[in-house]
**Q** 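Sharing a structure, written as structure tokens. Questions coming.
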Amino acid sequence: MFSILKDWREQRVLDKSQFTHSDWMLAAQQIPILDRLDESELTRLFELATLFLDDKSITGAKDFSITDGVRQAIALQACLPILNLSLEWYAGWSSIIIYSGSYTSESITVDEFGIVHKSQQHRSGEAWLRGPLILSWKDAKHSGERDGHNVVIHEFVHKLDMLNGRANGFPPMQADMDPVTWTETMERGYADFQQNPKAGLDRYGATNPAEFFAVLSEVFFETPAALVDAYPEIYEIMVKFFRQNPLESKS
Ligand SMILES: [Zn+2]
């Protein structure tokens, strides 16, 4: 009963979408990492992206104006990691805020002596637990170019990670996955990455296990061969987690 209601609601959203299949196709052609998807995968991605845009609000910060092209580029890349999962993986939050370029984020921490420290950091994106996801368009616009960097995928993978609490590199597992295998494989890789830089893997991944998962996910979707070279066993568990294999060519 509920799924029938849901399907009906989703169908209505799809029917009244402002973007046609060819609008989506044009937007997808700007994002090289989507080349590997076949016709039916693209259609599914476009539907997910349409439902995604209905579900999330995208607003510009500091006068940045959100164009259709921005909305489409964000939605397509946000939905790539969940292409074979579902939109429910992005449940529990709704706001995406976009700055034109990198922005300054102020954080306030209190140390053990009760002294308040204020620090400023330049950021290209961040994801808040149960809160907004923030991106710099200047960085997001160069995502998807197969250079191993993708701030959109990075931040949305933090959201997947946060589905079961704070980002810690341990997202909810698929039913057929063994959580122990995931933890041991990621811990082994993370410990190794602390000591040994790997070609094509950003050192930012050595910051903590959550960043390791997010950085390796960027590589998984952007330059999968680099991940297979560095950590074949992590590539394998990511194929199981994301339910897709970016190294497979079009069927
Ligand atoms: Zn991060």
Side-chain angles (χ1 to χ4, degrees), residues 33 52 56 58 61 73-82 85 89-109 119-172 182-183 185-187 189-194 197-198 200-224 226-227 230-231 234-235 237-238 241-242 246:
I33 54 167
F52 173 89
K56 307 295 179 209
I58 303 184
I74 301 293
L76 287 170
Q77 290 177 90
C79 291
L80 181 62
I82 57 160
L85 306 176
W89 283 74
Y90 293 146
W93 61 278
S94 64
S95 171
I96 299 162
I97 299 163
I98 306 188
Y99 286 82
S100 62
S102 67
Y103 55 96
T104 327
S105 166
E106 277 194 358
S107 64
I108 293 172
T109 49
S119 62
Q120 281 199 336
Q121 268 188 314
H122 290 289
R123 293 175 187 262
S124 55
E126 63 193 295
W128 291 45
L129 184 67
R130 289 184 287 273
L133 187 148
I134 307 169
L135 290 168
S136 139
W137 176 242
K138 192 166 163 252
D139 297 278
K141 135 176 114 180
H142 293 296
S143 289
E145 294 175 351
R146 287 207 198 95
D147 61 1
H149 291 283
N150 193 312
V151 68
V152 183
I153 287 175
H154 182 107
E155 299 306 334
F156 277 87
V157 164
H158 280 323
K159 280 295 189 185
L160 299 180
D161 193 353
M162 287 170 179
L163 205 55
N164 56 0
R166 283 192 181 285
N168 58 2
F170 187 86
W182 177 276
T183 306
T185 309
M186 292 302 264
E187 276 176 358
Y190 180 65
D192 176 78
F193 195 55
Q194 299 290 305
K198 302 278 178 182
L201 271 60
D202 195 316
R203 289 309 292 159
Y204 189 61
T207 311
N208 59 45
E211 298 306 341
F212 187 62
F213 175 41
V215 165
L216 265 54
S217 297
E218 293 178 66
V219 177
F220 179 80
F221 288 104
E222 287 264 335
T223 45
L227 182 55
Y231 297 114
I234 293 183
Y235 183 83
I237 57 170
M238 282 194 171
F241 175 71
F242 289 111

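Below, all heavy atoms of this structure are taken into account, side chains as well, without hydrogens, waters or symmetry copies. Order of appearance sets the numbers: ligands from 1, and atoms from 1 within every ligand. Please read all numbers here as calculations on a predicted model, not as lab measurements.
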**Q** If you leave out waters, which protein N, O or S atoms are less than 2.8 Å from the Zn ion (ligand 1)?
**A**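 Per the 2.8 Å query on the Zn ion (ligand 1), atoms found are His154 NE2, His158 NE2, Glu211 OE1, Glu211 OE2.
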**Q** What is the ring orientation for Phe241 with Trp89, classed by angle as parallel under 30°, tilted 30 to 60°, or perpendicular over 60°?
**A**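 Perpendicular, since the angle between the ring planes exceeds 60°.
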**Q** More than 12 foreign heavy atoms under 6.0 Å from CH2 of Trp128: is that the case here?
**A**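 Counting other residues, nucleotides and ligands, CH2 of Trp128 stays at 12 neighbours or fewer.
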**Q** Quick one: salt bridge (charged side-chain N to carboxylate O under 4.0 Å, His left out) partners of Arg203, sequence neighbours excluded?
**A**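 For Arg203 there are no salt bridge (charged side-chain N to carboxylate O under 4.0 Å, His left out) partners, ignoring immediate neighbours.
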**Q** Let me check something: any side-chain donor-acceptor pairs from residues 163-171 under 3.5 Å, sequence neighbours excluded? List them with distances.
**A**
residue: Asn164; atom: ND2; partner: Phe170; partner atom: O; Å: 3.0
residue: Asn168; atom: OD1; partner: Phe170; partner atom: N; Å: 2.9

**Q** Mind checking salt bridge (charged side-chain N to carboxylate O under 4.0 Å, His left out) for Asp192 and listing every partner two or more places apart, or none if nothing turns up?
**A**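 Scan of Asp192 (salt bridge (charged side-chain N to carboxylate O under 4.0 Å, His left out), adjacent residues dropped) gives Lys198.
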**Q** Are Ile237 and Met186 close enough that some pair of their side-chain heavy atoms sits under 4.5 Å apart?
**A**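 In short, these two side chains touch, coming nearer than 4.5 Å.
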